[in-house]
2 protein chains.
Amino acid sequence: MDTSLLSQSRSLFIRRWGEMAASWGISRTMAEIHALLFISNQPLCTDDLMDELQVSRGNVSMNLRQLVTWGLAERVHHRGDRKEYFVAESDVWAMFEIISRERRRREIEPIVETIDRCRSMLKEELKGLKGDRRREVEQFRQRLDDMQEFLSLVNSLFNLLVKVGKSKVGDVMKTLGRFAH
Amino acid sequence: MDTSLLSQSRSLFIRRWGEMAASWGISRTMAEIHALLFISNQPLCTDDLMDELQVSRGNVSMNLRQLVTWGLAERVHHRGDRKEYFVAESDVWAMFEIISRERRRREIEPIVETIDRCRSMLKEELKGLKGDRRREVEQFRQRLDDMQEFLSLVNSLFNLLVKVGKSKVGDVMKTLGRFAH
DNA sequence: CAATCCTTTCAGATGCTTCTGAAAGGATAG
DNA sequence: CTATCCTTTCAGAAGCATCTGAAAGGATTG
């Protein structure tokens with residue numbers, strides 16, 4: 001067994017990346033595969049991944065498919081070799097864009113849509129109301145409004161960040177610093 | 001059964017908030033309890049929550065405890081009533097601060113710490129290396145550097161956002177807009 | 001077209017998280 | 001001190017997401 005510092009770092013990083021995955025809504029193995037591809041300096045095939053991560057062929061196959069679908073990995077062919085190889089997206093900004101789009105789609109959009117529906121229902125409901133019940137509905141509506149305002153802010157921030165991108169980040173941080181005394 | 005639009009909106013919102021919870025690393029029931037408290041205009045007791053959400057007493061108790069620990073809910077006592085009541089934090093910015101702190105603690109800090117360790121291991125490893133293997137280590141190190149730079153940016157952005165808070169968000173957005181031609 | 005090599009699929013197994021409900025704990029009232 | 005009321009705890013049950021491995025699919029080769 002390889003006990004070099006290189007090998008130790010590899011498995012340390014892969015394991016941690018996998019552990020984090022749970023909170024990112026990505027399965028542990030999918031994240032480990034992605035980590036391994038990310039730190040490799042050459043494309044890897046299914047067997048490489050099975051060996052290093054100790055998981056089944058089916059598992060690797062399914063998770064690779066999802067990584068490719070997301071755009072976090074892509075297929076690579078070598079002349080004279082039937083096997084398929086894979087590499088990871090290597091630009092962390094592109095990764096950020098992909099992951100944040102995915103997360104927004106799952107975490108932000110559904111709740112925004114629901115809040116919209118609720119708001120119009122409550123607007124309707126308010127028409128004929130007086131007194132305590134009116135106050136109840138109004139409070140509910142107020143909270144939904146606050147939440148929606150906040151969520152659309154978060155949304156635009158992400159959009160901006162992605163647009164601004166790597167190159168201008170230094171400037172952005174400097175400018176933002178002014179707001180935070 | 002109450003079929004008013006108010007009641008429909010309530011359960012719609014609660015259900016959706018709960019569904020989202022999975023991706024936020026919060027259990028469905030914990031999120032539903034939080035949602036119900038968030039949209040109520042008065043403190044609720046354990047039985048209220050059990051009735052409306054159809055979950056067991058133990059479940060409510062454990063999740064309330066966690067909500068209180070996080071600071072997303074707090075206990076309220078009524079004179080002459082032995083029961084404990086609960087209200088949710090109602091300021092979405094405070095909620096954001098709490099949740100983002102928690103998520104960073106679980107999602108960002110561990111990987112940053114791991115990257116640090118890996119980087120120093122690789123630095124050590126590089127000392128006596130030449131050729132292909134050196135190139136392999138160098139690529140790994142480069143990717144870790146990129147990742148770390150990115151993560152610390154995200155970190156400072158969150159810090160800034162929390163500090164800047166509600167009041168100045170408009171300004172921040174306007175300024176960011178300039179960078180996004 | 002048969003053999004070989006590799007990938008994909010999916011039913012059932014596994015393991016992890018969350019939930020239940022009953023028992024124990026603890027406070028207040030009489 | 002005992003009864004009452006409410007909360008907390010936790011072992012086992014249930015539910016859910018992930019993984020395995022074998023079988024089927026599909027492509028290339030000789």
Side-chain angles (χ1 to χ4, degrees), chain A residues 14-15 17-37 43-70 73-87 102-103 106-107, chain B residues 14-15 17-37 43-70 72-87 102 106-107:
Chain A
I14 291 168
R15 216 172 309 132
W17 196 256
E19 279 164 19
M20 273 197 2
S23 25
W24 286 64
I26 292 172
S27 89
R28 161 187 293 265
T29 305
M30 183 169 156
E32 289 195 348
I33 291 172
H34 176 251
L36 183 43
L37 292 175
L44 302 179
C45 69
T46 306
D47 293 285
D48 296 334
L49 296 162
M50 287 171 66
D51 288 350
E52 182 137 0
L53 303 177
Q54 292 293 304
V55 292
S56 72
R57 186 173 299 283
N59 199 357
V60 169
S61 171
M62 304 244 274
N63 282 299
L64 275 174
R65 179 155 57 122
Q66 191 154 7
L67 284 170
V68 170
T69 304
W70 280 34
E74 63 185 51
R75 283 168 212 278
V76 172
H77 288 281
H78 286 161
R79 295 234 162 279
D81 188 344
R82 287 199 202 167
K83 277 210 197 86
E84 294 196 298
Y85 293 78
F86 295 84
V87 291
E102 202 62 29
R103 291 187 87 172
R106 284 183 309 173
E107 301 181 15
Chain B
I14 291 168
R15 218 172 306 132
W17 196 255
E19 278 164 18
M20 273 197 1
S23 27
W24 286 64
I26 292 171
S27 91
R28 160 188 294 265
T29 305
M30 183 168 155
E32 289 193 350
I33 291 173
H34 177 251
L36 182 43
L37 292 175
L44 303 179
C45 69
T46 305
D47 293 286
D48 296 334
L49 295 163
M50 287 170 65
D51 288 351
E52 182 138 1
L53 303 178
Q54 292 293 304
V55 291
S56 71
R57 185 172 300 281
N59 199 355
V60 169
S61 171
M62 304 242 275
N63 281 299
L64 276 174
R65 180 155 56 121
Q66 192 155 7
L67 284 169
V68 170
T69 303
W70 280 34
L72 288 174
E74 63 183 52
R75 283 166 212 279
V76 172
H77 289 279
H78 285 161
R79 295 234 161 279
D81 189 345
R82 287 198 201 168
K83 278 210 196 85
E84 293 196 300
Y85 293 80
F86 295 84
V87 291
E102 202 63 30
R106 284 184 308 175
E107 301 181 14

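Within every chain, numbering begins at 1; the chains are lettered A, B, ... in the order of the sequence lines, protein sequences first and strands thereafter. Everything numeric here is computed off the predicted structure, so don't read it as measured data.
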Filtered N/O pairs between nucleotides 3-5 of chain C and protein, under 3.5 Å:
unit_1 : atom_1 : unit_2  : atom_2 : d
C:dT4  : O2     : A:Arg82 : NH1    : 3.1
C:dC5  : O4'    : A:Arg82 : NH1    : 3.1
C:dC5  : O2     : A:Arg82 : NH1    : 3.3

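- Between the side chain of A:Asp48 and the backbone N or O of A:Cys45 there is at least one donor-acceptor pair closer than 3.5 Å.
- Listed here is the closest heavy atom pair of B:Phe86 and B:Leu37: O-CD2, 3.3 Å.
- Across B:His34 and B:Leu72, no two heavy atoms sit closer than the pair CD2-O, 3.9 Å.
- Phosphate contact (OP1/OP2 of C:dC6, side-chain N/O of A:Thr46, threshold under 4.0 Å): absent.
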Could you go through nucleotides 12-17 of chain D and list every protein N or O atom that sits under 3.5 Å from one of its N or O atoms, giving the distance for each pair?
none

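- Rounded to an integer number of Å, the gap from CE of A:Met50 to P of D:dA22 is 11 Å.
- Rounded to an integer number of Å, the gap from CD1 of A:Ile33 to C1' of D:dT18 is 12 Å.
- At whole-Å resolution of the value, CZ in A:Arg79 and P in D:dT29 are 11 Å apart.
- B:Tyr85 and B:Pro43 make their closest contact through CB-CB, 3.5 Å (heavy atoms, listed as atom of the first residue, atom of the second, distance).
- Distance B:His77 NE2 to D:dC6 P: 13 Å, rounded to the nearest Å.
- Counting only residues at least two apart or on different chains, the salt bridge (Lys or Arg N to Asp or Glu O under 4.0 Å) pairs with a member in residues 72-81 of chain B are B:Arg75-B:Glu84.
- Here the C1' atom of nucleotide D:dT7 and the CG atom of B:Asp47 are 11 Å apart, to the nearest Å.
- Residue A:Ala31 comes nearest to A:Trp17 through the heavy atom pair O-CD1, 3.1 Å, listed as atom of the first residue, atom of the second, then distance.
- Separating the CG atom of B:Leu67 from the P atom of C:dT18 is a distance of 13 Å, rounded to the nearest angstrom.
- Every salt bridge (charged side-chain N to carboxylate O under 4.0 Å, His left out) that A:Arg103 has, sequence neighbours left out, goes to A:Glu107, B:Glu107.
- Between A:Gly80 and A:Arg28, the one whose closest nucleotide on DNA chain D sits nearer the 5' end is A:Arg28.
- Atom pair A:Arg75:CZ and D:dA27:P shows a separation of 13 Å (rounding to whole Å applied).
- Going from atom CG of A:Leu64 over to atom P of C:dC6 covers 16 Å, rounded to whole Å.
- Annotation: proximity of residues 53-63 of chain B to DNA chain D (heavy atom, distance under 4.0 Å) is found for B:Arg57, B:Gly58, B:Ser61, B:Met62, numbered in ascending order.
- Pairing each heavy atom of B:Met20 with each of A:Arg106, the nearest pair is CG-O, 4.4 Å.
- OP1 or OP2 of C:dC19 has at least one side-chain nitrogen or oxygen of B:Thr29 nearer than 4.0 Å.
- Under the ring pair (Phe, Tyr, Trp, His ring centres under 6.0 Å) criterion, A:His77 pairs with no residue at all, not counting sequence neighbours.
- What you find for B:Val60 and B:Ile33 is that their closest heavy atoms are CA-CD1, 4.0 Å.
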Margin query: Test side chain to side chain contact (heavy atoms under 4.5 Å, CB included) on A:Met30 and A:Leu67; report intermediate values, then the result.
Written below: CA-CA 7 Å; A:Met30 183 169 156; A:Leu67 284 170; 3.7 Å; yes
